[in-house]
Amino acid sequence: MAAPEAWRARSCWFCEVAAATTMEATSREAAPAKSSASGPSAPPALFELCGRAVSAHMGVLESGVWALPGPILQSILPLLNIYYLERIEETALKKGLSTQAIWRRLWDELMKTRPSSLESVTCWRAKFMEAFFSHVLRGTIDVSSDRRLCDQRFSPLLHSSRHVRQLTICNMLQGATELVAEPNRRVLETLASSLHTLKFRHLLFSDVAAQQSLRQLLHQLIHHGAVSQVSLYSWPVPESALFILILTMSAGFWQPGPGGPPCRLCGEASRGRAPSRDEGSLLLGSRRPRRDAAERCAAALMASRRKSEAKQTARAAPAARVTRRSTQESLTAGGTDPKREPLPPATSHEAPGTKRPPSAPATTSSASASSSSTSSSKRAPASSAPQPKPLKRFKRAAGKKGARTRQGSGAESEDLYDFVFIVAGEKEDGEEMEIGEVACGALDGSDPSCLGLPALEASQRFRSISTLELFTVPLSTEAALTLCHLLSSWVSLESLTLSYNGLGSNIFRLLDSLRALSSQAGCRLRALHLSDLFSPLPILELTRAIVRALPLLRVLSIRVDHPSQRDNPAVPGNAGPPSHIIGDEEIPENCLEQLEMGFPRGAQPAPLLCSVLKASGSLQQLSLDSATFASPQDFGLVLQTLKEYNLALKRLSFHDMNLADCQSEVLFLLQNLTLQEITFSFCRLFEKRPAQFLPEMVAAMKGNSTLKGLRLPGNRLGNAGLLALADVFSEDSSSSLCQLDISSNCIKPDGLLEFAKRLERWGRGAFGHLRLFQNWLDQDAVTAREAIRRLRATCHVVSDSWDSSQAFADYVSTM
């Protein structure tokens with residue numbers, strides 16, 4: 001009897017507490033109703049009025065509402081704003097209530113976007129709060145426009161930050177400055193523990209202040225946080241300084257920017273202890289081991305970037321520049337003044353062992369380095385190979401803080417004009433070297449005074465990410481060298497994706513850095529995804545080189561869209577790829593479990609592919625896209641290699657391959673008793689001899705008891721082929737097929753209905769999933785619905801409402 005008494009007590013409390021507020025709300029709503037010209041409207045229910053009153057006074061009634069019985073609480077939940085709805089989630093779950101439908105309705109009404117069909121939303125609360133955080137941060141949503149979003153007792157950013165697992169920064173780094181501001185310290189601390197993925201999309205040029213904010217943001221989210229993945233998307237013209245900043249911070253390197261505030265999180269931990277050798281607090285000296293060309297060049301480029309940032313900071317703050325100049329003059333005179341601001345680190349570096357007169361300014365060393373590099377290039381013999389042209393750089397679109405007039409003109413450049421029309425390559429103030437000159441000098445063996453500049457090891461080393469993805473981000477020589485230098489010691493990296501980055505000949509440096517990384521004791525790299533338009537190496541040679549460089553790799557996905565072209569083969573001095581990369585020695589055994597390859601047009605040498613397969617005894621999944629072989633015998637050689645050397649293979653996929661002349665090889669595959677899933681996608685299987693080949697194919701499948709999935713999209717199966725395929729599920733079949741994909745196969749409603757009747761007649765029961773995308777089912781909607789209804793009694797059907805008029809060419813070809 002105690003439970004019913006408590007239930008009635010809570011119900012009475014709910015009515016008593018809401019009575020006074022309900023009367024006030026009723027009087028306010030009734031007043032305009034009397035003067036309404038459209039006539040009286042139906043008054044809201046008493047319970048709804050009580051719920052609105054309680055929702056409006058949750059600041060006082062929250063604890064009492066949490067104790068309400070489930071039926072009453074269920075009616076109040078839709079009336080709460082997002083803050084109290086989020087806070088009451090745990091209590092609602094304990095009472096057996098779900099808020100998912102409420103959050104889904106909030107998403108539809110406030111976000112007004114439809115989630116992707118490929119996305120499976122498991123928690124609408126987390127999805128809504130994450131999107132809400134991003135909109136508030138960018139200023140694209142007005143929280144005061146809707147009572148469900150507005151509550152003076154809560155901070156929108158702070159309240160939603162703990163649900164953010166993925167944060168996207170776009171354009172000119174919007175939101176970075178706001179997150180590192182002092183009022184949002186708690187927001188940033190919460191993000192550091194909740195955020196796992198950081199994405200950058202469509203970045204534009206940014207000023208020094210925005211980059212300094214991003215530096216602090218990355219330091220807290222990566223070095224002191226839980227971010228494990230950084231992805232960059234669609235950056236057609238990357239800004240070198242910003243790109244290298246993101247890379248180095250992701251790899252765990254940290255150097256405070258010029259004039260930036262010190263980090264309060266790492267200041268206490270490092271106070272009172274001497275810097276270790278790993279922190280690289282000393283400049284490179286004669287006792288340090290000699291570095292290779294890539295490392296020296298990356299060191300020079302990093303120092304050049306810091307020097308450029310210091311210059312722009314000085315232009316943005318003339319007063320600070322005067323202070324630094326006076327400090328420099330006092331140091332030149334031999335005295336120091338502790339009250340004056342010290343020089344930025346980028347302007348005080350000089351080569352170890354280089355003697356400088358006491359009266360020379362600090363900038364002399366950098367100027368001499370530049371002049372020595374220029375003079376060394378001028379002294380090169382005439383018979384040497386011509387150097388590539390220096391890489392052009394786009395000029396930054398300066399913001400309000402970094403705006404300055406061009407030399408020789410009094411008009412200030414507009415941001416849009418800078419971004420679209422300015423073709424840079426000009427040196428700023430006649431002091432800064434072109435990136436291409438530095439890179440080329442380091443690559444051909446010369447030393448452009450790189451030894452006198454600090455390397456990346458001069459930075460403190462912190463926690464780094466485990467997944468790096470670069471999608472459609474062209475890598476210049478500077479960026480590629482920096483990436484390769486970082487990769488050589490990035491032992492925490494587990495997955496690397498480089499998609500359409502225009503690597504060109506830089507792929508050789510990438511392979512060298514991956515080989516160096518693989519030799520590290522704690523290397524964790526297990527997945528590599530590489531795709532590009534062109535490659536200086538044929539795709540199979542590139543695959544062999546990667547497998548040799550990374551024998552512990554588990555997942556390799558590689559795609560090249562166009563045939564291999566050597567980079568300017570007519571240029572003198574271009575000796576092609578290094579011999580250690582394209583060696584003919586046998587590939588050692590590796591740990592590859594998944595291999596995906598997308599080939600360019602042209603016949604591929606089957607022996608090279610077989611050599612990779614023979615060394616991959618642990619391979620479980622193989623996917624070949626657009627592969628072409630010189631003859632069916634070459635394709636048969638590949639299949640025979642799979643049968644003999646890849647006994648663990650479970651999934652095999654072929655896409656966009658002409659297998660019309662390889663029907664005996666296809667039958668050989670279907671008789672393989674180790675494969676569990678086979679995909680023939682747009683392979684023209686039934687283009688030749690369909691009447692003879694289909695019965696042979698069905699017979700092979702009926703005798704295969706291990707095959708679980710068969711995918712045949714885009715093979716023009718037609719009604720006749722579908723009915724022949726139905727015999728796989730007959731009573732005399734030992735097949736255990738449970739997944740069948742017959743999408744894009746010119747199937748009509750009457751053929752699908754007959755297929756469903758045959759399955760019913762044989763009574764095989766449910767066999768799993770049936771995919772019917774992009775078939776001609778709209779030609780007779782009634783028959784199609786009847787066929788799908790019958791099929792759903794035996795399997796799970798996935799279909800769509802496709803307009804078959806788009807496939808007139810296919811229809812003509814199958815008439």
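The model shown is predicted, which means the values in this text are computed figures rather than measured ones.
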Treating Asn184 as the side-chain partner and Glu178 as the backbone partner, does any N or O pair qualify as donor plus acceptor under 3.5 Å? yes

Quiz question: by atom type and distance under 3.5 Å, do the side chains of Thr472 and Ser234 form a donor-acceptor pair? no

Taking C-beta and beyond as the side chain, do Thr168 and Arg138 meet within less than 4.5 Å on heavy atoms? yes

With sequence neighbours left out, the residues meeting ring pair (Phe, Tyr, Trp, His ring centres under 6.0 Å) with His219 are His223, His224, Trp254, Phe462

Is there a donor-acceptor pair closer than 3.5 Å between any side-chain N or O of Gln166 and the backbone N or O of Lys199? no

Polar side-chain atom of Gln220 near backbone of Ala192 as donor-acceptor pair, under 3.5 Å: no

Between Asp512 (side chain only) and Leu510 (backbone N and O only), is there a donor and an acceptor less than 3.5 Å apart? no

Are the side chains of Leu217 and Ile169 in contact, using a 4.5 Å heavy-atom criterion? yes

Mind checking whether Leu528 and Leu514 have side chains closer than 4.5 Å, heavy atoms only? yes

side-chain hydrogen bond (donor to acceptor under 3.5 Å, both in side chains) assessment of His196 paired with Ser228: CA-CA 5 Å; His196 294 160; Ser228 59; 5.9 Å; no

Run Glu239 and Ser206 through side-chain contact (heavy atoms from CB on, under 4.5 Å) and show every step you take. CA-CA 8 Å; Glu239 186 179 6; Ser206 58; 3.6 Å; yes

Full working for side-chain hydrogen bond (donor to acceptor under 3.5 Å, both in side chains) between Gln229 and Glu469: CA-CA 8 Å; Gln229 176 177 336; Glu469 298 178 340; 3.2 Å; yes

Check whether any side-chain heavy atom of Leu525 sits under 4.5 Å from a side-chain heavy atom of Trp490, and report yes or no. no

One thing to verify: whether Glu182 and Arg185 come together as a salt bridge, which I'm taking to mean a side-chain N less than 4.0 angstrom from a carboxylate O. yes

